[in-house]
Novice: 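For reference, the structure I am asking about is given below.
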Amino acid sequence: MSWRCSSTSNEGLISNLFRHGLIKNDTVDRAHFSPIMPYEDSPQRIGYDATISGISFHYKNHAAEALLDRLGPGKTVLDVGSGSGYLTAVLAHLVAPGGVVVGIEHIQQLCDLSTENLKKDPVHSRMLQDGTIKIIRGDGRLGYPEGGPFDAIHVGAAASIMPQALIDQLKAPGRMFIPVDGGFSQYIWQVDKDEGGNVKKEKQYGVLYVPLTDAKDFRDEN
């Protein structure tokens with residue numbers, strides 16, 4: 001799929017995403033979040049041992065398919081391992097007006113990077129100012145209790161175990177999309193909490209993510 005969605009411009013990329021049914025509306029300009037080959041539909045390094053996922057994977061397997069049922073105006077979302085801020089911005093459009101997306105990242109440089117990336121576009125800059133988007137530094141495995149409970153939680157790096165703290169911070173009903181590393185392979189899990197608070201965990205498909213780890217003391221790379 002990836003080579004069929006790649007392009008040399010944002011317009012071309014969006015056209016390809018529309019053509020393959022991966023998006024229904026206009027999207028966030030990836031050039032603000034990925035400095036090298038932004039319209040190539042493949043993972044891109046953003047520094048500090050982090051990557052930004054391929055675009056078709058973001059849309060087809062992340063927000064559009066996994067979390068969309070729990071999104072909409074006024075909803076609250078936690079984006080764990082928010083990295084460059086790209087998916088955080090996409091999710092913000094899906095919960096506006098009135099919603100909140102909290103991007104949590106344990107690397108200060110990536111918090112700073114995502115904030116600067118978001119400020120490149122006046123719409124996202126306003127979302128930062130009015131609180132629609134919040135970027136915070138913290139251990140995403142512990143979630144962000146102050147902002148919860150959340151209608152949806154997206155985890156953008158592979159956890160070594162299923163974090164109970166994140167399940168606890170799901171609303172009833174609520175849904176979490178999370179890659180979990182079982183030691184030999186990684187799989188996406190969809191965790192649903194129903195209106196009665198009952199939790200269902202469904203193992204889905206194999207993936208390859210960077211690990212969700214403790215913070216490192218990175219020096220400035222750039």
Side-chain angles (χ1 to χ4, degrees), residues 1-2 5 17 20-25 27-28 41 43 50-83 86-95 99-105 138-145 147-213:
M1 175 65 74
S2 64
C5 291
L17 288 166
H20 290 290
L22 299 178
I23 61 172
K24 304 300 181 185
N25 300 293
T27 188
V28 178
D41 190 6
T51 62
I52 177 174
S53 296
I55 303 150
S56 60
F57 193 78
H58 265 142
Y59 284 96
K60 186 169 178 57
N61 296 319
H62 284 59
E65 285 190 348
L67 297 178
L68 196 58
D69 289 347
R70 300 301 177 195
L71 303 177
K75 300 293 187 178
T76 56
V77 183
L78 179 64
D79 184 19
V80 176
S82 48
Y86 176 71
L87 187 60
T88 312
V90 171
L91 292 169
H93 285 275
L94 295 172
V95 301
V100 175
V101 179
V102 178
I104 185 168
E105 179 59 63
D139 187 340
R141 295 168 296 188
L142 303 179
Y144 185 60
F150 299 96
D151 294 283
I153 297 176
H154 168 268
V155 182
S160 58
I161 59 172
M162 185 75 70
Q164 184 61 42
L166 297 182
I167 297 175
D168 293 343
Q169 290 170 44
L170 277 175
K171 277 187 182 178
R175 176 173 294 168
M176 176 165 65
F177 175 99
I178 180 171
V180 178
D181 192 333
F184 296 99
S185 56
Q186 297 177 4
Y187 284 88
I188 291 297
W189 287 76
Q190 181 173 299
V191 180
D192 283 297
K193 183 182 288 187
D194 67 20
E195 292 180 354
N198 301 302
V199 175
K200 177 183 177 182
K201 304 173 185 176
E202 181 181 352
K203 183 179 180 180
Q204 298 192 326
Y205 48 86
V207 289
L208 183 60
Y209 276 75
V210 296
L212 192 62
T213 61

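Note that the coordinates shown come from a computational prediction; the quantities given were computed from them, not determined experimentally. Values below: every heavy atom of this structure, side chains too, minus hydrogens, waters and symmetry copies.
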Novice: Taking all heavy atoms of L166 and all of L142, pick out the closest pair and write down the distance.
Specialist: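 L166 and L142 have their closest heavy atoms at CD2-C, 4.5 Å.
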Novice: Tell me, do V191 and V199 make a side-chain contact under 4.5 Å, heavy atoms counted?
Specialist: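 In short, these two side chains touch, coming nearer than 4.5 Å.
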Novice: About how many Å separate CZ of R70 and NZ of K193, when rounded to the nearest 0.5 Å?
Specialist: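 Nearest 0.5 Å value for the NZ-CZ distance: 12.0 Å.
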Novice: How long is the gap from NE2 on H93 to CG on L71, to the nearest 0.5 Å?
Specialist: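 Answer rounded to 0.5 Å: 13.0 Å.
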Novice: I'd like to check I188 versus Y209 (side-chain heavy atoms, cut-off strictly below 4.5 Å). Are they in contact?
Specialist: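 Yes, side chains in contact.
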Novice: Donor-acceptor pair, distance only, cut-off 3.5 Å: does the side chain of Q186 make one with the backbone of P211?
Specialist: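 The answer is no, because no donor-acceptor pair under 3.5 Å joins these two groups.
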Novice: Quick check: does any side chain N or O of R175 sit under 3.5 Å from a backbone N or O of A66, one acting as donor and the other as acceptor?
Specialist: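 Judged by distance alone, yes, a pair lies under 3.5 Å.
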Novice: Under the side chain to side chain contact (heavy atoms under 4.5 Å, CB included) test against V101, which residue among V90, L87, V77 passes?
Specialist: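 Of the listed options, the one satisfying the test is V77.
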Novice: Given I153 and Y144, is the side-chain contact (heavy atoms from CB on, under 4.5 Å) satisfied, shown in steps?
Specialist: CA-CA 11 Å; I153 297 176; Y144 185 60; over 6 Å; no
Novice: For the CD1 atom of I167 and the CD1 atom of I178, what is their distance to the nearest 0.5 Å?
Specialist: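 Between atom CD1 of I167 and atom CD1 of I178 there are 7.5 Å.
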Novice: Are the side chains of K75 and K171 in contact, using a 4.5 Å heavy-atom criterion?
Specialist: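 Side-chain contact under 4.5 Å: no.
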Novice: Could you report the tightest heavy-atom contact between G103 and S82, atom names first, then the distance?
Specialist: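 Taking G103 first and S82 second, the nearest heavy atoms are C-OG, 3.4 Å.
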Novice: Can a salt bridge be assigned to the pair K200 and D192 using a cut-off of 4.0 Å between side-chain N and carboxylate O?
Specialist: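 No.
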Novice: What heavy-atom pair brings G174 and L170 nearest, and what distance separates the two atoms?
Specialist: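 For G174 and L170, the tightest heavy-atom pair comes out as C-CD2, 4.0 Å.
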Novice: Where do V155 and P179 come nearest, in terms of heavy atoms and distance?
Specialist: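 For V155 and P179, the tightest heavy-atom pair comes out as O-CD, 3.2 Å.
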Novice: Check the side chains of S160 and D181 for a donor-acceptor pair under 3.5 angstrom, ignoring hydrogens and angles.
Specialist: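 Their side chains do not contain a donor-acceptor pair, so the 3.5 Å distance test is not met.
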Novice: Are D194 and P173 close enough that some pair of their side-chain heavy atoms sits under 4.5 Å apart?
Specialist: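 In short, these two side chains do not touch, never coming nearer than 4.5 Å.
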Novice: Within this structure, what is the CG-CG distance for the pair D151 and L78, rounded to the nearest 0.5 Å?
Specialist: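 D151 atom CG to L78 atom CG measures 11.5 Å (nearest 0.5 Å).
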Novice: Rounded to the nearest 0.5 Å, how far does CD of Q164 lie from CD of Q169?
Specialist: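 Between Q169 CD and Q164 CD, I get 10.5 Å after rounding to 0.5 Å.
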Novice: Output the distance between atom CG (L94) and atom CG (L67), rounded to the nearest 0.5 Å.
Specialist: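 The CG atom of L94 sits 9.5 Å away from the CG atom of L67.
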